[in-house]
Amino acid sequence: MLQARYERRFLAHDSTMRNLYRGVYPSFTEAQASIPRTSMQGYDNTESAGFYRERTRRVFLNDYPMMWWLSRLFEAGSSSVFDLGGHIGIAYYAYQRFMRFPAQLRWRVMDVPAVMEAGAIWAGKNDALHRLQFTGKRSDADGVDILFAAGSLQYLDYTLADLLASLSKPPSHLLLNSVPIHISVSYFTVQNTGVSCCPYRVTAEGDFIGGLKALGYVVRDRWENTDRQCEIPFYPAHSLDRYFGYYLSRED
């Protein structure tokens, strides 16, 4: 009875101020199949494309490790960024207010079509230097210096290791933030953002790091974000009280 009541609450949830989570599933497909056809799914819609405008003008506590490593990499000569799931270029706009970008910077965002369309419109008014680009192709990560992903890996129907393994020249550096990591098990849940429902990946740390180590990446830094939680009612063993960030680079 409690689960049925929560299901009704979950499907009626329409507040973008707080996310709700429901269920545990072994695959993206099964999590997606549990979403009613009457519910909007994913971020490829006008409402979701309108998220996060305030984040283009400010940074948060968990941004600082990303900014610190990004600054170090720029100082060392990196100048190209593939921003996986970067929405309209949130980090590009927010970070440049507090750090120096290289003059030859090429920052390319990959996201869903509705979001990239909104991003191109926003860039026309806010990117005077024209350093921000958008792409729908994973292959455009080939040969870039830095793969950047902040709060996006959980929405993909493929893993980061899968993407990197498909490239002939994977990025030298990975900057990853707000990654939902479980101590021992990998699974999917469903998130209601207040606008739509999305399959949501949670990965065991051993699986996550092991897949990247197999491709030659080494963890150089790891930090915790205790401001983010993933509470899944009726599944306390699968709920998360923090998220994680990582900097990894390929061994020379």
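Side-chain N or O atoms of H13 include one that pairs as donor or acceptor with a backbone N or O of S15 at under 3.5 Å. Under a 3.5 Å cut-off, the side chain of H182 and the backbone N or O of S239 do not form any donor-acceptor pair. The closest donor-acceptor contact from the side chain of S196 to the backbone of N192 lies at 3.5 Å or more, if one exists at all. No donor-acceptor pair under 3.5 Å is formed between the side chain of D111 and the backbone N or O of M116. Put simply, the side chain of Y187 gets close to the backbone of H238: a donor and an acceptor are under 3.5 Å apart. Panel note: side chain R57, backbone Y93; no donor-acceptor pair is recorded below 3.5 Å. Under a 3.5 Å cut-off, the side chain of R228 and the backbone N or O of S178 do not form any donor-acceptor pair. D207 contributes no side-chain N or O that, together with a main-chain N or O of G211, makes up a donor-acceptor pair within less than 3.5 Å. Between the side chain of S152 and the backbone N or O of L84, at least one donor-acceptor pair lies under 3.5 Å. S80 places a side-chain N or O within donor-acceptor distance of the main-chain N or O of D145, the cut-off being under 3.5 Å.
Atoms CZ and CH2, from F101 and W107 in turn, are 5.0 Å apart once rounded to the nearest 0.5 Å. Expressed to the nearest 0.5 Å, how far CG of N225 lies from CG of L61 amounts to 7.5 Å. Between N177 atom CG and M67 atom CE the span is 11.5 Å, to the nearest 0.5 Å. Interatomic distance, L132 CG to D127 CG, rounded to the nearest 0.5 Å: 5.5 Å. Note that OG1 of T189 is 8.5 Å distant from OH of Y235, once rounded to the nearest 0.5 Å.
Under the 4.5 Å side-chain heavy-atom criterion for grouping Ile, Leu, Val, Met, Phe, Trp and Tyr, F98 is connected to V81 within one hydrophobic cluster. By the rule that hydrophobic residues join a cluster once side-chain heavy atoms approach within less than 4.5 Å of another member, F134 and I121 end up as members of separate clusters. Tracing side-chain contacts under 4.5 Å through hydrophobic residues (I, L, V, M, F, W, Y), one never reaches I146 starting from L176; they form parts of separate clusters. V185 is connected to V190 through a chain of hydrophobic side-chain contacts under 4.5 Å among Ile, Leu, Val, Met, Phe, Trp and Tyr, so both are in one cluster.
A donor-acceptor pair shorter than 3.5 Å can be found between the side chains of S34 and Y25. Between S71 and R100, the side chains place no donor N or O within less than 3.5 Å of an acceptor N or O (distance only, hydrogens not considered). Under the 3.5 Å distance criterion, with hydrogens and angles disregarded, no donor-acceptor pair is assigned to the side chains of T226 and D241. S27 and E30 share a side-chain donor-acceptor pair at under 3.5 Å. Side-chain N/O atoms of D142 and S139 include no donor and acceptor closer than 3.5 Å. Between Y95 and D63, the side chains place a donor N or O and an acceptor N or O closer than 3.5 Å (distance only, hydrogens not considered). In this structure, a donor-acceptor pair under 3.5 Å is present between the side chains of Q96 and R131. Between the side chains of Y246 and E205, at least one donor N or O sits under 3.5 Å from an acceptor N or O.
Figure legend: R53 and W122 shown as a cation-pi pair, the cationic atom lying under 6.0 angstrom from the six-membered ring centre and within 45 degrees of its axis. A cation-pi contact links R55 to F60, judged by a cut-off of 6.0 Å to the six-membered ring centre and 45° from its axis. A cation-pi contact, defined as under 6.0 Å to the ring centre and within 45° of the axis, is absent between R201 and F188.
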Show the numbers, then the answer: is there a side chain to side chain donor-acceptor pair (under 3.5 Å) between Q154 and Y243?
CA-CA 11 Å; Q154 50 265 47; Y243 284 36; 5.3 Å; no

Please assess Q191 against Y155 for the test side chain to side chain donor-acceptor pair (under 3.5 Å), listing each intermediate value before the final yes or no.
CA-CA 10 Å; Q191 179 194 58; Y155 296 104; 2.8 Å; yes

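Between D140 and R108 the shortest heavy-atom distance is CG-NH1, 3.5 Å.
Contact annotation: the side chain of L147 approaches that of L163 to within less than 4.5 Å [non-hydrogen atoms, C-beta and beyond].
Applying the side-chain hydrogen bond (donor to acceptor under 3.5 Å, both in side chains) test between D221 and each of Y247, W69, W68 identifies W69 as the sole match.
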